[in-house]
Amino acid sequence: MDEQTLSFYGVVIVGAGPVGLFLACELGLRGLSVLVLEREVSPLSPLKRKPFGVRGLTIPTIEALYRRELLSAIGAVVPREAGHFAGVGFDYRDVDTSKWSYRLPSPADTNSAGEMQCIESALAVRARAVGVEIVRGVEVRSFGQSADAVTVETSDGLFRAQWLVGCDGGRSIVRKVGGFEFVGTEPDLTGYSTLVEIADPEKLRAERSVTPTGVYFLPQPGFLAMAEFDGGSFHRTEPITLEHVQSVLRRVSNTDVTLTALHAVTSWTDRAQQATTYKKGRVLLAGDAAHIHSPLGGQGLNLGLGDAMNLGWKLAATLRGEAPAGLLDTYTTERHPIGAAVLDWSRAQVSIMKPSAQSRALEAIISDLMHTRDGATYFAERVWNASLRYDLGENHPLAGRSVPDFELTDGTRLAALLRRGSGVLLDFDLRAPLRAVAGRMGITYLASSAKDTLGLSAVLVRPDGVVAWAADGEPDANEASRAAGRWFASTQCPNSFA
């Protein structure tokens with residue numbers, strides 16, 4: 001087929017999981033032509049439903065969904081357990097949220113949990129509503145890129161786009177064909193999540209149990225999670241049978257327990273690897289395509305959705321010719337350190353799960369710390385990602401953090417101003433020069449006080465809800481203009497407010 005006859009998209013996204021769909025929503029919100037290609041014919045799977053499909057949602061994820069009016073659609077609920085580190089839990093009552101500066105009460109101020117099937121369904125509905133095309137049952141085989149386009153070869157023919165984004169999971173074909181370097185550490189264990197019938201469940205302990213060969217956990221009848229420290233040798237090497245699961249469970253539990261049925265099973269490892277860059281030419285990576293780690297602590301989905309929120313507005317601005325120089329490069333510089341920190345957090349959890357005297361001693365210390373006010377607050381801050389911050393080179397302590405959900409004097413919440421994916425300049429002191437800055441940059445300007453301004457006089461907010469600049473005292477319009485210029489292309493000639 002002649003390339004001139006091919007449909008030409010702004011972006012082709014490979015993978016219709018939550019990350020690919022959320023990114024598609026962000027791009028479609030800004031009127032771009034987006035095609036999502038997914039290998040699987042059906043979006044339905046037992047692994048996306050309870051109990052397998054339940055995922056913890058951290059505060060940045062909840063805030064992102066809330067700002068895009070998606071929170072109620074996914075049916076998120078507050079879990080009974082506050083969180084854990086390698087299975088060692090902490091309690092809501094021990095967490096002192098007052099220690100987290102620049103936060104205000106809002107519908108998105110706590111961690112939650114959601115079912116993968118509900119999350120994907122809600123995102124797919126939204127994506128189609130904003131004009132995204134989703135095609136299932138199509139397998140990407142290869143692609144090539146030129147200076148101005150990417151041509152994607154699939155099982156259903158060729159597709160062309162200005163940009164290609166791989167959201168196609170840990171074994172990403174986009175990452176492999178694109179030649180991205182993927183580095184990290186090899187696994188120590190093979191983990192299993194199973195739905196089984198047990199003939200003699202009294203032989204097993206219901207609580208998390210660490211043994212000389214591994215760990216097992218029965219959070220509810222029939223739902224068995226376990227890990228064997230075998231170097232990850234069995235993961236995806238052959239089909240997982242009832243006999244194999246029983247054999248592993250007997251070794252790990254040191255019992256002769258008998259399983260009578262295996263209804264569902266999936267395996268995983270603690271392999272922790274990350275792409276050294278998330279962008280090569282016109283090809284980008286997000287989610288598990290960019291980084292993989294163990295599912296311990298439930299950080300993977302949140303990390304991927306954070307990638308999508310960060311990338312979406314930057315890629316859209318680039319496509320629309322509204323991006324200042326180097327804007328798209330900040331996707332890697334901002335998100336790569338966040339991913340690296342999550343990989344280390346995952347490695348640390350595995351280190352105290354190992355069946356050794358040293359790990360048990362370390363686990364006891366961690367448990368003691370978690371049952372203190374300061375310890376529980378620290379672990380909640382990390383597990384819930386309550387203090388996520390990008391290094392934007394700004395001095396103000398709020399810069400690089402999620403913007404508080406200010407309630408303005410007319411009752412409007414800031415989240416409502418971010419629904420359309422525009423930047424916002426909040427001017428609590430009603431300064432005319434700040435209005436000029438917003439006008440020159442094409443940013444939504446709002447002069448209003450709030451029920452609680454947290455002592456701030458002005459706040460510049462990026463489309464992803466991250467504070468780009470903030471002022472406590474009299475705001476300096478030149479500083480505001482400089483900060484805005486880093487994130488938004490000027491629509492007029494440079495101006496001075498000295």
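Hydrogens, waters and symmetry mates are skipped; everything else that's a heavy atom, side chains included, is used. Note that the structure is a prediction, hence the values are computed from the model and not measured.
- Side chain of S193 to main chain of A225: no donor-acceptor pair is present (N/O by atom type, distance under 3.5 Å, no hydrogens or angles).
- Here the CG atom belonging to L262 is positioned 10.5 Å from the NE2 atom belonging to H244, to the nearest 0.5 angstrom.
- For the atom pair R128 CZ and E133 CD, the distance stands at 10.0 Å (nearest 0.5 Å).
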Exercise. Show your reasoning for whether side chain to side chain contact (heavy atoms under 4.5 Å, CB included) applies to L189 and V350.
Key: CA-CA 9 Å; L189 60 83; V350 172; 4.1 Å; yes
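- Around the CG atom of D391, the shell of radius 6.0 Å holds no more than 12 heavy atoms that belong to other residues, nucleotides or ligands.
- Looking at R55, R49, K48 one by one, the single match for salt bridge (charged side-chain N to carboxylate O under 4.0 Å, His left out) with E120 turns out to be K48.
- Listed here is the closest heavy atom pair of P107 and Y66: CD-OH, 3.4 Å.
- Residues V36 and C167 are not in side-chain contact: their nearest non-hydrogen atoms beyond the backbone lie 4.5 Å or more apart.
- The side-chain heavy atoms of D464 and E26, taken from C-beta on, include no pair separated by under 4.5 Å.
- Using modelled atom types and a 3.5 Å distance limit, the side chains of T377 and R373 yield no donor-acceptor pair.
- The side-chain heavy atoms of M353 and R208, taken from C-beta on, include a pair separated by under 4.5 Å.
- Classified by interplanar angle (parallel below 30°, tilted 30° to 60°, perpendicular above 60°), the ring pair W384/F90 is tilted.
- The shortest distance between side-chain heavy atoms of V461 and V403 falls below 4.5 Å.
- Between the side chain of D405 and the backbone N or O of A415 there is at least one donor-acceptor pair closer than 3.5 Å.
- Taking CZ of F180 as the start and OG1 of T277 as the end, the distance is 6.5 Å to the nearest 0.5 Å.
- For E69 and R126, the salt-bridge test fails: no basic side-chain N is under 4.0 Å from an acidic carboxylate O.
- Distance check: F22 CZ to R68 CZ gives 6.5 Å after rounding to the nearest 0.5 Å.
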Practice problem: Report the C-alpha distance between N254 and T213 in whole Å, list the side-chain angles of each, state the deciding distance to 0.1 Å, and finish with yes or no for side chain to side chain contact (heavy atoms under 4.5 Å, CB included). | Solution: CA-CA 9 Å; N254 195 28; T213 54; over 6 Å; no
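- In this structure, T330 contributes its side chain and T333 its backbone to no donor-acceptor pair below 3.5 Å.
- Listed for the H263 side chain is no donor-acceptor partner under 3.5 Å among the backbone atoms of E197.
- Taking every heavy atom of both residues into account, A76 and S112 meet most closely at CB-CB, 4.0 Å.
- Shown here is K203, whose NZ atom has more than 12 heavy atoms of other residues, nucleotides or ligands within 6.0 Å.
- Taking the side chain as every heavy atom from C-beta outward, Q220 and P51 approach each other to under 4.5 Å.
- A distance of 5.5 Å separates NZ of K279 from CG of L328, quoted to the nearest 0.5 Å.
- Checking N302 against T61 by side-chain atom types alone, a donor-acceptor pair falls below 3.5 Å.
- Smallest separation of non-hydrogen atoms from S294 and W268: CB-CZ3, 4.3 Å.
- Of the possible donor and acceptor atoms, one in the side chain of R360 sits under 3.5 Å from a partner among the backbone N and O of K354.
- For the pair R175 and F182, the cation sits on the ring face: its NZ or CZ lies under 6.0 Å from the ring centre, inside 45° of the axis.
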Exercise. Could you walk me through whether R413 and S106 pass the side-chain hydrogen bond (donor to acceptor under 3.5 Å, both in side chains) test, one step at a time?
Key: CA-CA 9 Å; R413 286 190 171 274; S106 86; 5.5 Å; no
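- Annotation: the span from L21 atom CG to L123 atom CG amounts to 5.5 Å, rounded to 0.5 Å.
- Between L249 and T194, every side-chain heavy-atom pair lies at or beyond the 4.5 Å cut-off.
- Side chain of R136 to backbone of E40: a donor-acceptor contact under 3.5 angstrom is found.
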Self-check item: Test log, rule side chain to side chain contact (heavy atoms under 4.5 Å, CB included), inputs V342 and H291
Solution: CA-CA 9 Å; V342 169; H291 37 68; over 6 Å; no
Practice problem: Give the C-alpha distance, both sets of side-chain angles, the deciding distance and a yes or no for side-chain hydrogen bond (donor to acceptor under 3.5 Å, both in side chains) between R250 and T258. | Solution: CA-CA 8 Å; R250 287 181 172 182; T258 298; 3.3 Å; yes
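- Residue S402 comes nearest to R67 through the heavy atom pair OG-NH2, 2.7 Å, listed as atom of the first residue, atom of the second, then distance.
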Exercise. Would you please test S351 and R347 for side-chain hydrogen bond (donor to acceptor under 3.5 Å, both in side chains) and show each step?
Key: CA-CA 6 Å; S351 71; R347 294 181 182 111; over 6 Å; no
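- In this structure a side-chain-to-backbone donor-acceptor pair under 3.5 Å is present from Q349 to A86.
- Between Y278 and D307, the side chains place no donor N or O within less than 3.5 Å of an acceptor N or O (distance only, hydrogens not considered).
- Nearest heavy-atom pair, G137 versus S155, reported as atom, atom and distance to 0.1 Å: O-OG, 4.1 Å.
- Between L57 and I74 there is a side-chain heavy-atom pair separated by less than 4.5 Å.
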Exercise. For the pair K280 and E181, evaluate salt bridge (charged side-chain N to carboxylate O under 4.0 Å, His left out) and give the outcome as yes or no after the intermediate values.
Key: CA-CA 10 Å; K280 287 188 70 175; E181 188 178 10; over 6 Å; no
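- Considering only heavy atoms from C-beta on, T190 stays 4.5 Å or farther from E228 through its side chain.
- Looking at Y390, its side chain never comes within 3.5 Å of a backbone N or O of I338 through a donor-acceptor pair.
- In terms of heavy-atom proximity, C25 sits nearest to A127 at SG-N, 3.5 Å.
- Comment: E334 engages R462 in a salt bridge, judged by a side-chain N to carboxylate O separation of less than 4.0 angstrom.
- When the shell of 6.0 Å around CG of D91 is examined, it contains more than 12 heavy atoms from other residues, nucleotides or ligands.
- Not a single donor-acceptor pair under 3.5 Å links the side chain of S121 to the backbone N or O of Q117.
- T332 places no side-chain N or O within donor-acceptor distance of the main-chain N or O of D329, the cut-off being under 3.5 Å.
- In this structure, F143 has its ring center no closer than 6.0 Å to that of F159.
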Quiz item: Can you list the steps and then say if L296 with F85 is a side chain to side chain contact (heavy atoms under 4.5 Å, CB included)?
Solution: CA-CA 8 Å; L296 295 170; F85 181 81; over 6 Å; no
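- In this structure, R389 places its CZ atom where more than 12 heavy-atom neighbours from other residues, nucleotides or ligands lie under 6.0 Å away.
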